[in-house]
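Notes follow once the structure below has been shown.
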Amino acid sequence: MPHAFLIRAPRLTLPLLAALLLAGCQRDDPPAEAMVIEGHIFGTTYRVNVAGVEAAQRPALEQAVRQVLERDDREISTYKPDSLISRFNRYPGTDPQPISADMADVITTALRIGTLTRGKMDITVGPLVNLWGFGPDKQPVKTPTDQQIAQARQRVGLRHLTVSARADGQWLQKDLPGLYVDLSTVGEGYATDHLARLMEQRGIGNYLVSVGGAVLTRGVNASGQPWRVAIQKPTDRENAVQAIVNLQGHGISTSGSYRNYYELDGKRISHIIDPDTGRPITHKLVSATVIAPTATLADTWDTGLMLLGTEQALAVAKQQGLAVYLVTREGDRFTSYMSPQFRAFLLDEEK
Ligand code: ADP
Ligand code: MG
């Protein structure tokens, strides 16, 4: 399907995806005024497509995009020892620490969705993520013991983290010195929203911006058509399209257990950890896609829904009026579910 932007770009097969997208362009060359800016950040890729922007503005736009992303990296990357969040994580005290207004917003959203998923979506889950080998630390060679899991769990819990506004700014506070805040799961949506804000500030009204698996579009593409965003089939064997949506100014993000995993003792170990058990999720839900007013919301909910599993995810989606698309897998059989709110965005679905 040409002219569809594929989301949930898998880290390992990115070249393949890029080739697919390029092939699409070759078949049907976009008009000259279409501009694409791409690069790498947070160990993933970013992409900005704009329509109707003068070629002379390109260098300035490229530089502004880089600045926005590098600022986010310096704030929320747990892979950077000197980022704001890494310094907060290392800070041995329990008194409030200053954070930016943007960080206060994203952490507040994460805490709220954490509560709405009954504590499953938990940005303090870092010690468990690291224990299972998905954080900045290395992959374990053996399954962690019950004792290691219990120890890590003692350092996890949303109740230990508070955001507060004061006359002099926004503050973040922990009541456990060893608490470790991990914003990996919301970072792509967060950065995507900041790229969208940049476009608005530059007076650009037609754009597609994306970081990793999060995308936000507004207006139309260079051909005057709605942007088409494709959701990938949740398998690591092929790059097939599952559904195509028109976002109409919204953000979208997909969380899946089918790409980022490794095998240990014959079991597939997902990078999404259930804080209640301290272990990777194992249920049949293999991908959750959310469309929301911001990419941050979409990126926070998708992980939350993955953690809940199909039945509870659908119940929360109904209660909260969310636009969600879930795919479950049993053997080689994929089944999809969508909420009525999601259907409103759907252009095409593969069965
Ligand atoms: P991806 O990293 O593939 O974009 P997600 O957006 O779903 O996928 O984020 C997965 C990341 O979220 C994990 O690598 C881990 O750092 C973090 N994570 C794992 N379990 C949880 C959880 N229960 N709550 C919040 N974040 C989590
Ligand atoms: Mg997410």
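Remember, it's 1-based here, ligands and their atoms both numbered in the order they're listed.
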Salt-bridged, Arg279 to Asp146, with N to O below 4.0 Å?
yes

May I ask whether Val53 and Val220 are part of the same hydrophobic cluster, defined by side-chain heavy atoms of I, L, V, M, F, W, Y residues being less than 4.5 angstrom apart, directly or through others?
-> no

- prompt: Does an N or O from Ser255, backbone or side chain, lie closer than 3.5 Å to an N or O of ligand 1?
  reply: yes

Quick note on ligand 1: atoms under 4.0 Å from a heavy atom of Ser184 include exactly 16 (O)

Any N/O/S atom, backbone or side chain, of Thr303 lying under 2.8 Å from the Mg ion (ligand 2)?
yes

Quick note on ligand 1: atoms under 4.0 Å from a heavy atom of Pro275 include exactly 23 (N)

Quick note on ligand 1: atoms under 4.0 Å from a heavy atom of Asp299 include exactly 6 (O)

### Task
Assess Asp302: does it contribute an N, O or S atom lying under 2.8 Å from the Mg ion (ligand 2)?
yes

Using distance alone, decide if ligand 1 has a nitrogen or oxygen within less than 3.5 Å of any nitrogen or oxygen in Asp302.
no

Test side chain to side chain contact (heavy atoms under 4.5 Å, CB included), reference Met306, set Thr185, Ile272, Val286, output is Ile272

Note: ligand 1 atoms sitting under 4.0 Å from heavy atoms of Glu188 are 4 (O)

Given the rule that I, L, V, M, F, W and Y join up when any side-chain heavy atoms are under 4.5 Å apart, are Phe88 and Leu158 in one cluster?
yes

inquiry  = Between Arg153 and Thr277 (side chain of the first, backbone of the second, donor and acceptor by atom type, cut-off under 3.5 Å), is there such a pair?
reply    = no

With Ser253 as partner, the option from Thr300, Asp302, Thr289 fulfilling side chain to side chain donor-acceptor pair (under 3.5 Å) is Asp302

For Leu307, the ligand 1 atoms with a heavy-atom partner under 4.0 Å come out as 22 (C), 23 (N)

inquiry  = Are any of the N/O atoms on Ile273, whether in the backbone or the side chain, positioned under 3.5 angstrom from an N/O atom of ligand 1?
reply    = yes

Quick check: is Ile281 connected to Leu326 through a chain of hydrophobic side chains (ILVMFWY, heavy atoms under 4.5 Å apart)? yes

Numbered in order shown, the ligand 1 atoms found under 4.0 Å of a heavy atom of Lys120 are 22 (C), 23 (N), 24 (N)

